[in-house]
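Just so it is clear, the model here is predicted, and its values are computed rather than measured. Whatever order the structure lists them in is the order used to number ligands and atoms, beginning at 1. By convention here, the first residue in the shown sequence is residue 1.
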Amino acid sequence: MSSEEVIFVIIYFLFVFCLVAPTTEIISAGLTIQNMFAECLGSEQMDFIGYHMRRTTLTLIIHSFLPLGYFVFCIQMNYVPPLLYLFILDSFGKIWCLFSILCCLFSFICVLFALYWFNSNWNTHPISRRLGNLTVEGEGWRSVASSVNIEFRRFDKFTTGTHSRRLIVTDTWLIMTSTYTIQIARQADTHLAIVGSENHDMHYERSTGVQVLNIMVTSADHRVKPFKIRLIATEYNDLKDKLQSPILNLRNIVIQQSLSDQFVEAFKYEVNRNPRYRLPRNMEVENCIGCMQVISNVKLQKCCLDLPQGEEQDGQHGNNFSQQACQSCMCRPMWCLECMGKWFASRQDQNQPETWLSSKSPCPTCRSIFCMLDICLISD
Ligand SMILES: [Zn+2]
Ligand SMILES: [Zn+2]
Ligand SMILES: [Zn+2]
């Protein structure tokens with residue numbers, strides 16, 4: 001092979017690589033199978049299971065033609081003797097002849113499989129078999145599919161991951177998509193355990209280093225095979241919130257939290273040292289309006305001392321609010337400590353996390369300014 005031929009072969013393999021494992025740039029340019037065949041695939045939002053059956057089948061067919069494509073490419077480039085001479089069976093011809101037959105056979109078998117799945121109205125597709133393993137007696141795989149489709153349309157699902165390896169957690173289901181199939185398990189039957197972690201100095205989506213957790217999902221139902229999910233550590237808390245059962249960490253792997261989570265922990269510690277607020281007899285508190293999950297348990301009331309005039313303007317650190325004097329907030333307790341911590345963090349200068357605890361924030365409801373000393377937990 002001449003150097004020019006080697007370059008063309010490398011270009012072909014690069015093309016194959018981009019098609020099988022597209023990079024973020026290729027995905028954002030829309031050069032993926034999902035994008036190019038969007039019309040035949042239909043809507044993922046409306047019919048999640050149907051969409052992924054069509055997507056995986058189409059992906060299999062297109063990928064099955066890649067070896068044959070290489071063969072045609074080589075003929076075009078004259079690296080292989082023209083077709084007519086191919087069957088003169090000298091040793092060189094034999095290898096190419098065998099290669100071409102295998103390529104054709106492989107594509108042919110894949111197309112046959114696709115036709116078989118399509119003609120059976122998808123009843124024989126590997127995904128429908130997988131769903132069949134999750135049915136309760138008297139149900140077909142379509143009832144599981146319809147439950148998944150309905151829950152996928154809800155806005156409160158948890159989704160993360162790259163284009164071809166996405167983790168989706170709904171109220172009932174835990175789903176992992178991959179190039180040729182999807183893994184699915186019923187949340188109530190599964191145990192999740194962290195089996196390892198990797199630290200990467202660079203991540204293609206972020207400029208900073210990331211910790212990736214490997215989590216094993218095992219189901220109590222023996223028909224569902226265990227599978228592994230990969231998760232960026234900063235998304236760990238969001239996943240935990242969506243799951244009904246805890247994630248086991250038997251190896252005591254230290255999970256690197258996001259900046260906001262680390263702050264909320266320090267925030268809770270500081271607020272716990274502040275004086276308590278005694279609730280008046282006639283006042284009733286309702287659920288926190290941020291998360292709707294827990295009873296509101298913080299009240300903002302001015303406890304800090306005002307600094308002498310002029311001194312507050314000295315500090316040029318923190319956000320705009322840190323230069324204003326604290327005000328008394330008249331709102332009744334409407335937030336929980338965690339939501340208040342997240343709100344406080346979101347109001348700060350994101351480039352100067354070291355100033356957050358000494359900074360100020362407006363009340364989420366009435367906008368009066370408060371500092372860390374003005375946040376009081378409600379005492380019983
Ligand atoms: Zn809350
Ligand atoms: Zn207020
Ligand atoms: Zn204050």
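There is no side-chain donor-acceptor pair under 3.5 Å between N149 and R142. Side chain to side chain, R332 and S296 fail the donor-acceptor criterion of an N or O pair below 3.5 Å.
Among protein atoms, those of element N, O or S found less than 2.8 Å away from the Zn ion (ligand 3) are C304 SG, C326 SG, C371 SG, D374 OD2. Around the Zn ion (ligand 1), the protein atoms of type N, O or S found under 2.8 Å away are C288 SG, C291 SG, C336 SG, C339 SG, listed by chain and number.
In terms of modelled atom types and a separation under 3.5 Å, the side chain of R186 and the main chain of T172 share no donor-acceptor contact.
A ring-ring contact (aromatic ring centres under 6.0 Å, His included) with W356 holds for exactly one of F263, F344, F267; it is F263. Of the listed residues (K360, Q324, K302), just one forms a side chain to side chain contact (heavy atoms under 4.5 Å, CB included) with C371, and that residue is K360.
Scored by the ring-ring contact (aromatic ring centres under 6.0 Å, His included) test, Y116 finds no partners at all (sequence neighbours excluded). For R154, the salt bridge (charged side-chain N to carboxylate O under 4.0 Å, His left out) partners at least two apart in sequence or on another chain are D171.
With the Zn ion (ligand 2) as vertex, C363 SG and C366 SG subtend 110°, rounded to 10°.
Under the 6.0 Å cut-off for aromatic ring centres, H63 and Y180 qualify, their centroids lying closer than that.
I61 and L115 fall within the same hydrophobic cluster, where Ile, Leu, Val, Met, Phe, Trp and Tyr residues are linked whenever their side-chain heavy atoms come under 4.5 Å apart, directly or through other members.
Below 30°, between 30° and 60°, or above 60°: for F113 and W117 the angle between ring planes is between 30° and 60°, a tilted geometry.
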